[in-house]
Number of protein chains: 2
Amino acid sequence: MRPLKRYIPQETARRLSLYLRSLKMLDQKKKAVASSGDITRFLNVSSVQFRKDLSYFGGFGKRGVGYEVRLLTKEIEKILGTDAVRRIALVGVGKLGSALLSYTGFPEFNLQIVAAFDADPDKIGKIKRGFKIESISRLREVIKKEGIETAILSVPVESAQKVAHELAKCGVRAILNFAPVNLTLPKDVFVSNVDMASELEGLIYKLKRSKV
Amino acid sequence: MRPLKRYIPQETARRLSLYLRSLKMLDQKKKAVASSGDITRFLNVSSVQFRKDLSYFGGFGKRGVGYEVRLLTKEIEKILGTDAVRRIALVGVGKLGSALLSYTGFPEFNLQIVAAFDADPDKIGKIKRGFKIESISRLREVIKKEGIETAILSVPVESAQKVAHELAKCGVRAILNFAPVNLTLPKDVFVSNVDMASELEGLIYKLKRSKV
DNA sequence: ACGTGTGAACCGATTCACAGCA
DNA sequence: TGCTGTGAATCGGTTCACACGT
């Protein structure tokens, strides 16, 4: 029932998070049991892919029936590590950072921003979206105290590398980076890049190709 | 010199955009010629991967020497379709949408937001970051007139599917979607999703795994 | 000698085909 | 019969090894 294979595709983890959304939607619709087809209906993922993905972690379904929605939700949360609230620091409270402070999509996944930092003296001490903005010079102090190991980096591109390095030194192990630059960090620090311009270029390229 | 292979990896296109950034940096540093190693030094991409990627489009380098920075920049822009200014509509001027309106990373890649839409009557007609906010009811009119085929979708998740559908009907062929939902659209419409919560979950999963 | 360009080998991920259980 | 779970086949993409031009 729980083979716990050692090597799990990169992409499987990313999809688990989509499955969670789908499951929560089904739960809201009072569906207690759902088949792999039900769960993947509105995702661009095949039902086989779904079952394969889950099979890396164990057998959660009943043959001929499907999956218990609530139960599977819990299991996937456990796998992803978001079964407990995850405390996150946000560094860089510019326009994008402010928008992220009030992003409503985080709580659903037990993600909680608990500290906001900025370098601009005018902003420090101010309250924004309910957060008191701390000076970036207090990074170490606050991060250590709060035991934070996940950060969102939304500082200007010029300071991104420097701040990221500082975060790593303070013990942050995972960074969601919005600056359009490839961060160079110790390899035990995980980085995920959100690159708007690059995404748009990718789309435009597809558009162009599709017309040939 | 220009084999123009028919099938080009998905991932190659995405990396081309990274190469562009690197090339622009090198140009700023007055480097006229650069080797594949120079160009990929600060990217997580091997120099072989770089050369392989370019080889799908032709031979742009000089053996034993490297690549002319300016020339290669132009060639990649041509491949990506960003050699001319690309006009983009932004739909949904909430906190995130506003932040995107003033995002400084777009012009570098010839991406230009030329229209902003919102459904909130209080916002319509107001000027935000230099853009006059149009009613979403004028979507068709403006998009047709401006000949826009690329859009950024930053509306609340509840209305994302509906608005996306409307965009597609108006002739938009590429959508950068910030709503945490999988859009169902005709398959000649390309969608790229930016999903912050999902990215964070992916990071947390890696974090968790790395500790075992 | 140096760095590009590329077929061939390899590797990871997806899809297929079907066995297993309710 | 219906849907899960999974080894085997396949596919797409990356890396290797090396030929080629300057």
Side-chain angles (χ1 to χ4, degrees), chain A residues 1-19 22-23 26 31-41 43-69 71-73 75-76 79 202 205-206 209, chain B residues 1-19 22-23 26 31-41 43-69 71-73 75-76 79 202 205-206 209:
Chain A
M1 266 300 181
R2 192 67 72 98
L4 267 179
K5 309 245 169 69
R6 241 40 295 180
Y7 288 110
I8 290 157
Q10 184 71 247
E11 293 299 295
T12 292
R14 140 169 258 92
R15 281 190 299 263
L16 287 179
S17 154
L18 298 180
Y19 303 155
S22 203
L23 285 165
L26 289 166
K31 225 165 146 50
V33 175
S35 71
S36 56
D38 296 334
I39 295 165
T40 56
R41 181 144 309 131
L43 273 27
N44 306 341
V45 178
S46 72
S47 62
V48 188
Q49 181 72 264
F50 172 84
R51 296 200 301 277
K52 188 69 162 182
D53 284 341
L54 284 190
S55 81
Y56 291 110
F57 304 98
F60 302 115
K62 277 199 180 50
R63 297 179 189 224
V65 183
Y67 301 82
E68 269 193 55
V69 173
L71 188 71
L72 186 57
T73 304
E75 291 290 350
I76 294 181
I79 293 166
Y205 169 79
K206 282 189 201 168
R209 286 230 116 209
Chain B
M1 266 302 181
R2 190 69 71 96
L4 267 178
K5 309 244 169 72
R6 238 52 278 191
Y7 289 108
I8 291 159
Q10 184 74 244
E11 293 300 294
T12 292
R14 138 170 260 92
R15 283 189 298 263
L16 286 178
S17 152
L18 299 180
Y19 303 153
S22 202
L23 285 165
L26 288 166
K31 224 163 146 54
V33 175
S35 71
S36 55
D38 295 334
I39 294 164
T40 56
R41 182 144 309 131
L43 274 24
N44 305 343
V45 178
S46 73
S47 63
V48 189
Q49 182 74 75
F50 171 85
R51 296 199 301 276
K52 189 68 158 184
D53 283 340
L54 285 190
S55 80
Y56 291 110
F57 304 99
F60 301 116
K62 278 201 180 46
R63 296 180 189 222
V65 184
Y67 302 82
E68 270 193 55
V69 173
L71 189 70
L72 185 57
T73 304
E75 292 289 350
I76 294 180
I79 293 166
Y205 168 78
K206 282 189 201 168
R209 285 231 116 208

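Quick note on labels: first sequence line is chain A, next is B, and so on, each numbered from 1.
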**Message:** Test side-chain contact (heavy atoms from CB on, under 4.5 Å) on Phe60(B) and Leu71(B); report intermediate values, then the result.
**Reply:** CA-CA 8 Å; Phe60(B) 301 116; Leu71(B) 189 70; over 6 Å; no

**Message:** Side chains of Ile8(B) and Arg209(A), heavy atoms from C-beta outward: is any pair under 4.5 Å?
**Reply:**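 They are in contact (side-chain heavy atoms under 4.5 Å apart), so the answer is yes.
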
**Asked** Do Ile39(B) and Leu23(B) have side chains that get closer than 4.5 Å, going by heavy atoms?
**Response**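 When only atoms from C-beta onward are counted, Leu23(B) and Ile39(B) do touch, with a gap below 4.5 Å.
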
Cut-off 3.5 Å, no hydrogens considered: what does the side-chain donor-acceptor table look like for residues 11-18 of chain B, sequence neighbours left out?
from     : atom 1 : to        : atom 2 : distance (Å)
Thr12(B) : OG1    : Asp53(B)  : OD1    : 2.8
Arg14(B) : NH2    : Glu199(A) : OE2    : 2.7
Arg15(B) : NE     : Asp53(B)  : OD2    : 2.7
Arg15(B) : NH2    : Asp53(B)  : OD1    : 2.9
Arg15(B) : NH2    : Asp53(B)  : OD2    : 3.3
Ser17(B) : OG     : Ser198(A) : OG     : 3.1
Ser17(B) : OG     : Glu201(A) : OE1    : 2.9

How many whole angstroms separate atom [atom1] of [X] from atom [atom2] of [N]?
| X | N | atom1 | atom2 | result |
| --- | --- | --- | --- | --- |
| Leu71(A) | dT4(D) | CG | C1' | 15 Å |
| Ile39(A) | dG5(D) | CD1 | P | 10 Å |
| Asp38(B) | dT4(C) | CG | C1' | 13 Å |
| Phe50(B) | dG3(C) | CZ | C1' | 12 Å |
| Leu72(A) | dC3(D) | CG | C1' | 15 Å |

**Request:** Report yes if a side-chain nitrogen or oxygen of Arg51(A) is closer than 4.0 Å to either non-bridging phosphate oxygen (OP1 or OP2) of dG5(D); otherwise report no.
**Result:**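 No, because none of the side-chain N or O atoms of Arg51(A) sits under 4.0 Å from OP1 or OP2 of dG5(D).
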
**Asked** Are OP1 or OP2 of dC3(D) and a side-chain N or O of Ser36(A) less than 4.0 angstrom apart?
**Response**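 Negative; the distance criterion is not met.
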
Listed pairs, N/O of protein and of nucleotides 11-16 of chain D, under 3.5 Å:
from    : atom 1 : to       : atom 2 : distance (Å)
dG13(D) : OP1    : Gln10(B) : N      : 3.2
dT14(D) : OP1    : Arg15(B) : NH1    : 2.8
dT14(D) : OP2    : Arg15(B) : NH2    : 3.0
dT14(D) : O5'    : Gln49(B) : OE1    : 3.3

Between N or O atoms, less than 3.5 Å apart, protein on one side and nucleotides 20-22 of chain C on the other: list the pairs.
from    : atom 1 : to       : atom 2 : distance (Å)
dG20(C) : O4'    : Arg63(A) : NH1    : 3.4
dG20(C) : N3     : Arg63(A) : NH1    : 3.0
dA22(C) : O4'    : Arg63(A) : O      : 3.4

**Asked** Do Tyr67(B) and Tyr19(B) have their ring centres less than 6.0 Å from each other?
**Response**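 No: the rings miss the under 6.0 Å criterion.
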
**Request:** Could you please spell out the steps behind the side-chain contact (heavy atoms from CB on, under 4.5 Å) verdict for Val33(B) and Asp38(B)?
**Result:** CA-CA 9 Å; Val33(B) 175; Asp38(B) 295 334; over 6 Å; no

**For Ser55(B) against Lys52(B), the heavy-atom pair lying closest together** =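 Ser55(B) and Lys52(B) have their closest heavy atoms at OG-O, 2.7 Å.
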
**Donor-acceptor contact below 3.5 Å, side chain Thr40(A) vs main chain Leu43(A)** =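 No: the side chain of Thr40(A) does not pair with the backbone of Leu43(A).
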
